[in-house]
There are 2 protein chains.
Amino acid sequence: MSLCDTAIMRVLQHPPRKNLTLTQVLYALSDPVRLSIVKNLAEDDGKACGTFCLPVAKSTASHHFRVLREAGVIEMRSEGTQCINSLRREDLDARFPGLLDSILRASDPL
Amino acid sequence: MSLCDTAIMRVLQHPPRKNLTLTQVLYALSDPVRLSIVKNLAEDDGKACGTFCLPVAKSTASHHFRVLREAGVIEMRSEGTQCINSLRREDLDARFPGLLDSILRASDPL
DNA sequence: TCCATTGTTCGTAAATAATAGAACAATTGA
DNA sequence: TCAATTGTTCTATTATTTACGAACAATGGA
């Protein structure tokens with residue numbers, strides 16, 4: 001069955017670009033676990049939640065992905081039983097020029 | 001009496017440049033009150049705590065200044081009964097190139 | 001249909017953080 | 001010396017955040 005024909009497709013809310021706020025983005029990135037997710041995506045975009053090696057329980061990881069999504073930092077789309085994540089680079093760059101790059105450069109290498 | 005001769009001079013702890021951490025700085029700047037302090041200092045450095053128009057009580061403001069100081073974002077020095085604040089631009093730029101600028105550019109004008 | 005996989009949600013507990021008022025401390029000027 | 005100014009610290013309260021396990025839901029393959 002094609003993905004789009006799926007009867008029940010989880011709809012994840014993403015804030016539109018214009019609604020992104022600086023403080024919310026900074027807050028989302030101020031947690032080590034969440035920052036590591038973003039750093040990981042910056043190097044390898046489109047990864048499923050389960051492929052990240054995080055030092056927290058599954059439910060906690062789910063929470064962190066949600067914080068990133070609601071801040072507008074990542075986009076999540078379900079694909080089968082998985083959840084594919086990607087960085088909202090264009091939106092972040094448009095709204096906060098240079099911010100993401102400086103943060104990625106400032107953080108230690110993976 | 002000269003400032004340096006003062007018998008009891010409050011000694012404020014400031015983290016050295018090398019100890020600044022990205023997550024701590026991001027966290028410090030993720031609060032609207034603290035971000036407004038930093039934006040204010042970026043335009044008008046060397047202001048005393050009392051000259052900021054903040055929507056919180058004196059003790060709460062004191063807390064926010066401390067968070068900024070302990071994250072290494074601002075430098076505080078006492079001068080008489082006042083506390084003079086300045087942005088640690090050079091340290092921030094050295095440690096996290098472009099970060100402060102992008103944040104100041106991204107935030108709305110005062 | 002059954003089961004494994006993947007991730008979310010719920011309930012809850014522990015830790016953090018923001019806030020304010022009151023008391024306090026240091027400085028300066030009258 | 002006394003009082004005003006400026007800011008910190010203490011204490012308490014409230015709210016938020018992080019965390020986990022258990023239960024649940026959706027998907028896809030055997």
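In what follows, chains are A, B, ... by sequence order, proteins preceding strands, each numbered from 1. As a basis for the values below, the full set of heavy atoms in this structure was taken, side chains included, without hydrogen atoms, waters or symmetry mates. All figures in this text were calculated on a predicted structure; none of them were measured in a lab.
The ring-ring contact (aromatic ring centres under 6.0 Å, His included) analysis of residues 37-62 of chain A, with sequence neighbours excluded, yields the pairs A:F52-A:F65. Note on residues 44-65 of chain A: pairs passing side-chain hydrogen bond (donor to acceptor under 3.5 Å, both in side chains), not counting sequence neighbours, are A:R34-A:H64, A:N40-A:K47. Note on residues 76-99 of chain B: no pairs pass ring-ring contact (aromatic ring centres under 6.0 Å, His included), not counting sequence neighbours.
Between B:R77 atom CZ and D:dG7 atom P there is a gap of 13 Å when expressed in whole angstrom units. The nearest whole Å value for the distance from the CD1 atom in A:I74 to the C1' atom in C:dG7 is 13 Å. Counting to the nearest Å, the C1' atom of C:dA25 and the CD atom of B:Q82 are 16 Å from each other. To the nearest angstrom, P of D:dT8 lies 7 Å from CG of B:L12. In this structure, A:I84 atom CD1 and C:dT6 atom C1' are separated by 11 Å, rounded to whole Å. Atoms CZ (A:F65) and C1' (C:dG7) sit 10 Å apart, rounded to a whole Å. The CD-P distance, from B:Q24 to C:dA17, rounds to 10 Å in whole Å. At whole-Å resolution of the value, CZ in A:R69 and C1' in C:dG7 are 12 Å apart.
Through direct or indirect side-chain contacts shorter than 4.5 Å among Ile, Leu, Val, Met, Phe, Trp and Tyr, A:Y27 is connected to B:Y27.
From B:N85, atom CG reaches atom CG of B:L68 across 8.5 Å, with rounding to the nearest 0.5 Å.
The side chain of B:T81 approaches D:dT6 more closely than any other nucleotide in the set D:dT6, C:dT9, D:dT9.
Taken over five-pair windows at either terminus, the axes of the helix from C:dT1-D:dA30 to C:dA30-D:dT1 are inclined to one another by 10° (rounded to 10 degrees).
Under the side-chain hydrogen bond (donor to acceptor under 3.5 Å, both in side chains) criterion, B:R66 pairs with no residue, sequence neighbours left out. A:D101 pairs by the side-chain hydrogen bond (donor to acceptor under 3.5 Å, both in side chains) definition with nothing, not counting sequence neighbours. The side-chain contact (heavy atoms from CB on, under 4.5 Å) test applied to A:Q13 returns A:V11, A:R69, not counting sequence neighbours.
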Practice item. Between protein and nucleotides 11-23 of chain D, map the contacts as a letter string: B base, S sugar-phosphate only, - none, heavy atoms under 4.0 Å, written 5' to 3'. Key: ------SSBBBB-
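Nucleic acid contact for A:A61: none, since no nucleic acid atom lies under 4.0 Å from a heavy atom of the residue.
The pair B:E79-B:R77 meets the salt-bridge criterion, since a charged nitrogen lies less than 4.0 angstrom from a carboxylate oxygen.
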